Amino acid sequence: MDVAIAYCIAGLSTSALVVLWFLYVYKVIGQKRDAVCRAREEMKLHQKGYQEKKGMPEESVAKKMFDTSVQIYEQIKLEYNETFKKPIYRIPGVLMGFHTIY
């Protein structure tokens, strides 16, 4: 009887640990993925603005803004991918459907 209670406590605590691990990973990776999506949208906006300004006096400013947004996007994407490569995030992340962003 005492052994059954010990196994039950061990099983419940292990299950709780795994659930908390997955919730934490979902929160962290989800926030980073959302940041990548926002940066991608910002980059597309600047790309559109740059293409609209081609041949106009504001072209150089639009190009610089677009280049800056590309750099920001690449940096945020790199941070997401570096986080996702860590085993503590990758194992539950893959099981929850996250993937590397190319």
Side-chain angles (χ1 to χ4, degrees):
M1 183 69 175
D2 292 336
V3 174
I5 293 172
Y7 280 128
C8 184
I9 291 171
L12 288 173
S13 63
T14 302
S15 298
L17 177 66
V18 170
V19 167
L20 291 174
W21 177 30
F22 274 63
L23 288 173
Y24 174 74
V25 168
Y26 184 81
K27 178 184 170 190
V28 170
I29 296 294
Q31 287 175 345
K32 290 185 182 287
R33 182 193 56 196
D34 292 345
V36 171
C37 291
R38 286 191 304 272
R40 182 184 303 130
E41 291 302 316
E42 185 84 16
M43 181 181 67
K44 287 179 183 178
L45 275 171
H46 285 288
Q47 182 181 26
K48 183 180 176 186
Y50 169 61
Q51 290 181 357
E52 289 174 356
K53 301 290 184 193
K54 279 189 176 178
M56 300 175 81
E58 301 91 7
E59 180 179 358
S60 63
V61 174
K63 174 71 170 146
K64 185 173 181 174
M65 290 176 66
F66 173 61
D67 290 342
T68 302
S69 68
V70 169
Q71 290 174 350
I72 291 169
Y73 169 73
E74 290 297 328
Q75 184 178 7
I76 292 171
K77 183 177 76 167
L78 178 68
E79 183 181 328
Y80 167 87
N81 287 332
E82 285 177 353
T83 300
F84 188 67
K85 285 179 185 176
K86 296 176 183 175
I88 195 162
Y89 295 105
R90 188 167 191 86
I91 294 167
V94 168
L95 293 173
M96 289 187 286
F98 291 99
H99 52 81
T100 302
I101 297 175
Y102 298 103

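All values reported here derive from a predicted model rather than from experimental measurement.
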Pairs involving residues 78-102, ordered by first then second residue, that meet salt bridge (Lys or Arg N to Asp or Glu O under 4.0 Å) (sequence neighbours left out): K32-E79

Do L23 and V25 land in one hydrophobic cluster if side-chain heavy atoms of ILVMFWY residues count as linked below 4.5 Å? no

Please find the pair of heavy atoms, one from P92 and one from P87, that lie closest to each other, and give the distance. CD-O, 4.3 Å

Non-hydrogen side-chain atoms of T100 and Y80 separated by less than 4.5 Å: no

Same hydrophobic cluster for V94 and M96, using side-chain heavy-atom links shorter than 4.5 Å among ILVMFWY? yes

With side chain to side chain contact (heavy atoms under 4.5 Å, CB included) as the test, would you mind laying out the steps for Y102 and N81 before giving the verdict? CA-CA 9 Å; Y102 298 103; N81 287 332; over 6 Å; no

Tracing side-chain contacts under 4.5 Å among Ile, Leu, Val, Met, Phe, Trp and Tyr outward from V3 reaches Y7

Ring pair (Phe, Tyr, Trp, His ring centres under 6.0 Å) with F98: which residues, sequence neighbours excluded? Y26

Compile the donor-acceptor pairs under 3.5 Å between side chains in residues 59-75 and protein atoms, sequence neighbours left out, one pair per line.
from : atom 1 : to  : atom 2 : distance (Å)
E59  : OE1    : G55 : N      : 3.0
K63  : NZ     : D67 : OD1    : 3.1
T68  : OG1    : K64 : O      : 2.9
S69  : OG     : M65 : O      : 3.4
S69  : OG     : F66 : O      : 2.8
E74  : OE1    : K77 : NZ     : 3.3

List, one per line, each side-chain donor-acceptor pair under 3.5 Å for residues 39-49, sequence neighbours excluded.
from : atom 1 : to  : atom 2 : distance (Å)
E42  : OE2    : H46 : NE2    : 3.1

Name each donor-acceptor pair under 3.5 Å that joins a side chain in residues 12-21 to protein atoms two or more places apart or in another chain, with its distance.
from : atom 1 : to  : atom 2 : distance (Å)
S13  : OG     : I9  : O      : 3.1
S13  : OG     : A10 : O      : 3.0
T14  : OG1    : A10 : O      : 2.8
S15  : OG     : G11 : O      : 2.8
W21  : NE1    : I88 : O      : 2.9

Would a single hydrophobic cluster contain both I29 and Y24, if residues Ile, Leu, Val, Met, Phe, Trp and Tyr are joined by side-chain heavy-atom contacts under 4.5 Å? yes

Residues clustered with M56, ILVMFWY side-chain links under 4.5 angstrom: none

